[in-house]
Amino acid sequence: MFKPAIIAALILTNMSLPALGESTGLRRLTLRSDTLGWEAVGKVMIGKTGYCTGVLLRTDIVLTAAHCLFAKDTGARRDPKNLVFMAGLRDGKSVATRRVRRAVLPLQYRPRGGDPRVNIQNDVALLQLEQPIAAASAAPFLVKSLSQMGREVSVVSYARGRDETLSWQKKCDVIGTHKSLAAFSCDVYFGSSGAPVFDRSGSRARIVSIISSGRREQGKTVAWGMDLAGLVPELMAAFRSGKGVF
């Protein structure tokens with residue numbers, strides 16, 4: 001997930017960079033009452049030990065990062081049927097656990113090589129579950145355009161060192177935006193790939209991006225994401241047509 005500084009330099013060039021506010025720390029969602037409203041965020045298990053973060057967009061559709069579907073060492077595409085989504089996983093217990101049936105990702109995404117900016121812009125995958133998860137148990141979130149978000153966002157994720165329970169950063173900043181890319185000051189790490197970035201200015205949080213990659217330097221993190229407003233409808237249409245679905 002974490003990229004060399006050269007990528008950061010490439011992306012930050014031409015970005016609009018506002019003054020940053022005060023970010024809040026991570027809050028571990030330990031109790032069942034803490035996870036109320038966030039049950040749709042869960043862990044995408046990759047084999048026995050690997051994982052990413054994912055979030056329900058429909059009762060049977062999970063949004064995560066495209067690079068989670070490729071082996072790090074070989075770049076080989078993973079069989080979606082070897083993935084499992086655990087909604088609201090908290091200390092070994094999930095609201096619901098479902099196997100993945102099939103997946104789709106943008107044709108522009110290249111797991112090896114290519115323009116890093118283009119890859120981050122397209123680092124999105126949709127997973128269709130074998131069986132839906134009742135909305136009463138885990139209510140899916142809607143997507144909102146990146147251009148409509150404010151300067152403050154919120155992230156719910158798993159990561160190395162905090163992988164047993166969701167952690168919520170109530171407030172972090174939009175460092176900059178350029179076209180369909182965005183940089184955030186959110187506290188993410190390995191395992192946070194695919195974590196939803198929320199705009200909470202409305203009555204219910206909406207997803208404006210997901211975490212694609214990032215870098216840590218001197219105790220601070222810069223995370224990168226993309227605009228989902230055009231990608232998600234395209235990938236939903238691909239599920240209906242079967243184009244690019246595996």
Side-chain angles (χ1 to χ4, degrees), residues 1 23-46 51-59 61-65 68 84-98 123-127 133 135 137-144 146 149-175 182-214 221-228 232:
M1 166 185 168
S23 296
T24 60
L26 288 168
R27 176 188 172 194
R28 190 180 192 273
L29 303 182
T30 304
L31 303 176
R32 175 67 183 93
S33 57
D34 294 335
T35 61
L36 291 176
W38 302 117
E39 297 94 340
V41 184
K43 185 183 283 191
V44 179
M45 292 301 303
I46 305 166
Y51 67 91
C52 285
T53 304
V55 60
L56 287 168
L57 296 184
R58 303 285 189 274
T59 57
I61 301 292
V62 173
L63 169 69
T64 192
C68 299
V84 175
F85 179 66
M86 307 178 78
L89 181 66
R90 178 177 58 86
D91 294 327
K93 296 181 180 179
S94 65
V95 171
T97 297
R98 298 287 189 274
D123 193 8
V124 176
L126 295 186
L127 312 177
I133 296 174
S137 299
F141 286 95
L142 296 177
V143 169
K144 179 179 180 179
L146 194 68
M149 70 181 177
R151 288 176 54 183
E152 295 178 359
V153 291
S154 184
V155 174
V156 181
S157 67
Y158 298 93
R160 183 184 295 174
R162 50 182 180 86
D163 55 2
E164 292 301 318
T165 297
L166 284 167
S167 292
W168 176 33
Q169 188 171 16
K170 186 176 181 180
K171 188 184 80 169
C172 45
D173 287 295
V174 180
I175 299 174
F184 309 103
S185 66
C186 307
D187 189 351
V188 296
Y189 201 41
F190 293 100
S192 297
S193 296
V197 179
F198 292 104
D199 176 74
R200 299 178 60 245
S201 59
S203 58
R204 187 169 190 254
R206 293 199 177 197
I207 304 167
V208 291
S209 187
I210 59 171
I211 300 300
S212 168
S213 57
T221 304
V222 177
W224 313 104
M226 73 301 292
D227 193 343
L228 298 168
V232 168

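All values below come from the heavy atoms of this structure, side chains included, with hydrogens, waters and symmetry mates left out.
- Among residues two or more places apart in sequence or in another chain, the side-chain contact (heavy atoms from CB on, under 4.5 Å) test is passed with K170 by T24, W168, R200.
- Partners of I46 by side-chain contact (heavy atoms from CB on, under 4.5 Å), not counting sequence neighbours, listed by chain and number: C52, C68, R78, L83.
- In terms of the salt bridge (charged side-chain N to carboxylate O under 4.0 Å, His left out) criterion, R58 has no residue partners (sequence neighbours excluded).
- Although no hydrogens or angles enter the test, the distance criterion places no donor-acceptor pair under 3.5 Å between the side chain of D199 and the main chain of V208.
- A side-chain donor-acceptor contact under 3.5 Å links R90 to the backbone of T30.
- Atom-to-atom distance recorded for Y189:OH and T221:OG1 is 9.0 Å, nearest 0.5 angstrom.
- When the side chain to side chain donor-acceptor pair (under 3.5 Å) test is applied to T64, no partner is found at least two apart in sequence or on another chain.
- Taking S137 as the reference, nothing meets the side chain to side chain donor-acceptor pair (under 3.5 Å) condition, with sequence neighbours excluded.
- D123 and S212 make their closest contact through OD2-OG, 2.7 Å (heavy atoms, listed as atom of the first residue, atom of the second, distance).
- Qualifying side chain to side chain donor-acceptor pair (under 3.5 Å) partners for D187, counting only residues two or more places apart in sequence or in other chains: R216.
- Partners of T35 by side chain to side chain donor-acceptor pair (under 3.5 Å), not counting sequence neighbours, listed by chain and number: R32.
- When all heavy atoms of A195 and V155 are compared, the closest pair comes out as CB-CG1, 4.2 Å.
- Checked against ring-ring contact (aromatic ring centres under 6.0 Å, His included), F198 has the following partners two or more places apart in sequence or in another chain: W38, F141.
- Partners of A139 by side-chain contact (heavy atoms from CB on, under 4.5 Å), not counting sequence neighbours, listed by chain and number: R204.
- Every residue meeting the side-chain contact (heavy atoms from CB on, under 4.5 Å) condition with R98, not counting sequence neighbours, appears here in chain and number order: A96, L129, Q131, I133.
- Smallest separation of non-hydrogen atoms from R206 and V143: NH1-O, 4.5 Å.
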